[in-house]
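The first residue in the sequence is number 1, and the count goes up from there. Note that the structure is predicted; figures quoted are calculated from it, not measured. Heavy-atom basis, side chains included; hydrogens, waters and symmetry copies ignored. First listed ligand is number 1; within each ligand, the first listed atom is number 1.
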Amino acid sequence: MSVLRSYPDSVKALHENMQGLANDGRPARLITLCNASGMTATFMDLGATWLSCTLPMAEGAREVLLGVDTLAAFYQQAGYLGVTVGRFANRINNAQFSLHGKDYSISKNQGVHCLHGGVEGFNRRRWTLVEWSDRYVVYGLRSPDGDQGFPGQLDVTVRYELTQANGVEISYHGVCDQDCPVSLTNHAYFNLQGDTAEMDCRDHELLIDADAYLPIDASGVPISGCVPVVKSGFDFRVKKPIRQDFLKDEQQQLVGGYDHAYLLNQPSQRVNLVSSVNTPDQTVKMNVSTSMPSAQLYTGNFLDGCPRRGEGCYKNHAGFAFETQYLPDSPNHPEWTFSNSLLKANKAYHHKTLYEFVWHGLKAQ
Ligand code: GLA
């Protein structure tokens with residue numbers, strides 16, 4: 001415990017409160033990383049979850065992630081707060097896809113659809129703590145052949161690194177012994193103003209480097225291909241408050257706000273800067289870079305009633321998620337060659353996403 005002494009009180013409290021036994025009868029294991037500037041990031045082996053992220057602001061440590069601080073609340077929350085999502089982030093229409101002429105029925109957990117990997121998604125698993133140091137932590141998971149209906153034995157690792165440049169870099173590696181669609185993400189929700197009851201994510205200013213987004217039906221399943229953002233509330237190519245065009249489009253009205261995938265510009269295996277967001281007072285900024293072709297902007301439209309750290313529950317829009325991933329339902333759209341989520345047997349899956357934070361009394365750019 002002595003190593004915890006220099007951490008913010010909220011982080012020490014998190015380690016205390018998360019004590020107890022998880023569903024498998026063992027305690028959760030938490031690891032907090034701290035860099036030279038005093039930023040901290042805390043992770044847990046259950047769900048390979050990113051539990052907390054604090055920035056050392058003038059007024060004290062600011063928690064910028066939504067999250068829970070008890071095991072009971074971790075199991076109760078249905079918002080996927082900070083968890084690792086797999087095998088396939090977002091929806092697969094009718095929980096089915098075909099591959100090489102064979103039909104696969106996978107786990108249904110949102111009506112007839114598969115959301116975030118199914119009933120027992122990777123977020124519900126105890127991951128193995130593979131390796132860690134004061135800079136990084138690596139979690140591993142073996143998903144057996146047929147897990148949630150998906151083909152092949154898939155071995156994955158998620159590596160979280162807290163960089164000296166105040167970034168949390170998430171690297172995913174995987175290999176499967178059969179062809180299988182794979183799309184891993186982290187479902188962190190952010191509020192750069194601090195995770196307090198009054199904060200609303202719609203006050204942030206947001207930029208997304210994307211010319212197109214993917215329209216959906218009321219259950220979040222894509223209804224067509226990507227369409228241009230131009231002349232719609234989905235256009236974040238020039239930074240604007242999330243609130244500015246909130247609920248302006250019929251597409252948003254269907255799902256209570258933004259809950260849509262963007263097709264990011266410049267997709268490539270390189271890690272590109274794709275988004276930037278800041279607080280209204282310009283004191284905290286977050287830049288997002290990824291190797292993924294797409295990201296889901298979700299403005300917490302269904303967060304009401306979700307347990308939160310401390311007392312009570314979150315309200316809708318308490319935080320936003322920016323989940324880097326392949327486009328939803330890609331396994332049923334082989335024509336989306338720019339979002340080819342099929343991991344070939346015995347080939348390496350490798351993707352990276354970096355959330356980098358800048359804070360100061362200084363004005364963020
Ligand atoms: C994703 C979905 C949302 C919601 C959340 C989890 O972001 O797109 O519709 O299901 O996960 O609550």
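- Closest to atom 6 (C) of ligand 1 among all protein heavy atoms lies Tyr80 CD1, 3.6 Å.
- A distance of 6.0 Å or more separates the ring centres of Phe236 and Tyr213.
- Between His351 and Tyr172, the ring center distance fails the sub-6.0 Å criterion.
- Per-residue contacts place Leu115 under 4.0 angstrom from the following atoms of ligand 1 (heavy atoms of the residue considered): 10 (O).
- Within 6.0 Å of CD in Glu198 there are more than 12 heavy atoms belonging to other residues, nucleotides or ligands.
- Judged by distance alone, the side chains of Asn346 and Asp177 never bring a donor and an acceptor atom under 3.5 Å apart.
- Of the protein's heavy atoms, Asp259 OD2, 2.4 Å lies nearest to atom 9 (O) of ligand 1.
- Among all heavy-atom pairs drawn from Cys201 and Thr299, the shortest one is SG-O, 4.0 Å.
- Remark: aromatic rings of His317 and Phe246 are close, center separation under 6.0 Å.
- Using 4.0 Å as the threshold, Arg91 has a heavy atom nearer than that to some atom of ligand 1.
- Heavy atoms of Gly79 come nearer than 4.0 angstrom to ligand 1 in at least one pair.
- Distances shorter than 4.0 angstrom occur between a heavy atom of Ala78 and an atom of ligand 1.
- Within 6.0 Å of CZ in Arg142 there are 12 or fewer heavy atoms belonging to other residues, nucleotides or ligands.
- For atom 5 (C) of ligand 1, the closest non-hydrogen atom of the protein is His187 NE2, 3.6 Å.
- Nearest protein neighbour of atom 1 (C) of ligand 1, counting heavy atoms only, is His116 NE2, 3.1 Å.
- Nearest protein heavy-atom neighbour of atom 7 (O) of ligand 1: Glu323 OE2, 2.7 Å.
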